[in-house]
J.: 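Here's a structure for you.
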Amino acid sequence: SQTIHQWPATLVQPVGSPLSLECTVEGTSNPNLYWYRQAAGRGLQLLFYSVGIGQISSEVPQNLSASRPQDRQFILSSKKLLLSDSGFYLCAWSRSGQGVHGYTFGSGTRLTVV
Amino acid sequence: AQSVTQPDIHITVSEGASLELRCNYSYGATPYLFWYVQSPGQGLQLLLKYFSGDTLVQGIKGFEAEFKRSQSSFNLRKPSVHWSDAAEYFCAVGSDAYTGFQKLVFGTGTRLLVSP
């Protein structure tokens with residue numbers, strides 16, 4: 001069966017420090033991968049998605065970047081965190097190919113920038 | 001453009017009472033519909049999905065949803081709410097009318113509070 005792992009679960013970082021959140025998927029190949037953010041009391045905001053290794057699409061301009069160095073690995077990064085980067089970050093995957101596929105989400109990372 | 005509307009930001013239901021969460025979509029083709037639930041501090045879990053066939057769909061945890069094409073709705077229901085159902089619920093829509101990659105469109109969510 002397929003599983004998605006996301007870590008760390010909680011992170012407190014000072015303003016200006018770098019960030020690296022990692023997400024890996026097991027049990028499938030060539031998944032579509034997604035990074036979402038939830039600010040407090042708000043809905044899901046799609047940050048990045050990827051349909052293949054090295055292929056990253058950004059949905060909104062921001063202080064963050066994403067990379068996909070391996071087929072089932074998706075990394076969210078920042079060189080210098082801002083206070084506004086605080087939030088709950090969710091990784092998700094879906095099957096690739098034609099048609100509509102539901103998403104499977106990771107358990108999330110609570111990031112607090114202080 | 002594709003859109004999903006969850007008109008209720010918050011809903012409070014007494015434990016044991018019935019529940020209906022509303023979802024309306026705007027799509028030009030046959031939609032693929034999903035309901036997800038998110039407990040506090042957790043990721044989203046799929047409750048149920050509709051692709052085709054019977055318009056009444058059964059999901060996990062005793063939830064069901066009914067697709068009504070004439071009303072462009074996919075409302076989530078549960079006959080008797082338990083305190084553990086308190087969470088945020090998201091409706092999402094996709095369509096097979098497009099070739100290639102496409103993303104699901106998520107609603108803004110409805111927070112369910114369960115009173116004793």
Side-chain angles (χ1 to χ4, degrees), chain A residues 1-11 21 23 25 30-52 55-60 68 87-112, chain B residues 2-10 21 23 25 27-52 57 59-60 65 67 74 87-111 113:
Chain A
S1 63
Q2 302 89 10
T3 56
I4 179 169
H5 302 281
Q6 187 181 343
W7 68 93
T10 305
L11 192 59
L21 303 181
C23 173
V25 180
N30 195 31
N32 295 328
L33 297 169
Y34 312 84
W35 277 112
Y36 283 86
R37 176 170 60 198
Q38 281 182 299
R42 302 184 66 177
L44 296 165
Q45 180 185 35
L46 179 62
L47 302 176
F48 302 95
Y49 66 89
S50 171
V51 299
Q55 301 179 60
I56 308 295
S57 296
S58 175
E59 287 289 291
V60 294
R68 184 171 177 173
F88 191 57
Y89 289 83
L90 288 161
C91 180
W93 77 273
S94 69
R95 297 187 189 280
S96 59
Q98 181 67 25
V100 177
H101 306 288
Y103 293 3
T104 300
F105 286 83
S107 54
T109 296
R110 171 75 57 193
L111 172 66
T112 304
Chain B
Q2 307 150 4
S3 67
V4 179
T5 302
Q6 293 182 247
D8 303 305
I9 298 175
H10 296 99
L21 301 182
C23 172
Y25 63 90
Y27 254 78
T30 299
Y32 287 32
L33 297 154
F34 305 80
W35 273 102
Y36 287 86
V37 60
Q38 184 183 29
S39 297
Q42 301 296 315
L44 278 71
Q45 180 184 20
L46 180 67
L47 282 176
L48 47 79
K49 60 187 177 185
Y50 170 78
F51 281 11
S52 64
V57 180
I60 63 171
F67 170 56
F74 188 56
E88 186 138 23
Y89 293 80
F90 292 92
C91 181
V93 183
S95 172
D96 66 352
Y98 309 98
T99 59
F101 172 76
Q102 59 169 301
K103 306 181 294 291
L104 293 183
V105 176
F106 283 84
T108 51
T110 297
R111 182 167 298 279
L113 305 173

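Chain A is the first sequence line, chain B the second, and so forth, proteins listed ahead of strands; every chain is numbered from 1. Source: prediction; values computed, not measured.
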J.: Can you check whether A/L44 reaches B/L44 side chain to side chain, under 4.5 Å on heavy atoms?
T.: yes
J.: Determine the minimum heavy-atom distance between A/Y103 and B/L104, stating which atoms define it.
T.: OH-N, 2.8 Å
J.: Using every non-hydrogen atom in the two residues, find where B/K103 and A/L46 come nearest and quote the distance to one decimal.
T.: CD-CD2, 3.2 Å
J.: Should B/L46 and A/T104 be marked as a side-chain contact (heavy atoms from CB on, under 4.5 Å) after you check the CA-CA gap, both sets of side-chain angles, and the distance that decides it?
T.: CA-CA 8 Å; B/L46 180 67; A/T104 300; over 6 Å; no
J.: Checking heavy atoms, do the side chain of B/Q38, its backbone, both or neither come under 4.5 Å from chain A?
T.: side chain
J.: Sort A/E59 into side chain, backbone, both or neither according to what part of it lies under 4.5 angstrom from a heavy atom of chain B.
T.: side chain
J.: Does B/L113, at its CG atom, have more than 12 non-hydrogen atoms belonging to other residues, nucleotides or ligands within less than 6.0 Å?
T.: yes
J.: Please name the pair of heavy atoms, one in A/Q38 and one in B/F90, separated by the smallest distance, quoted to 0.1 Å.
T.: NE2-CZ, 3.5 Å
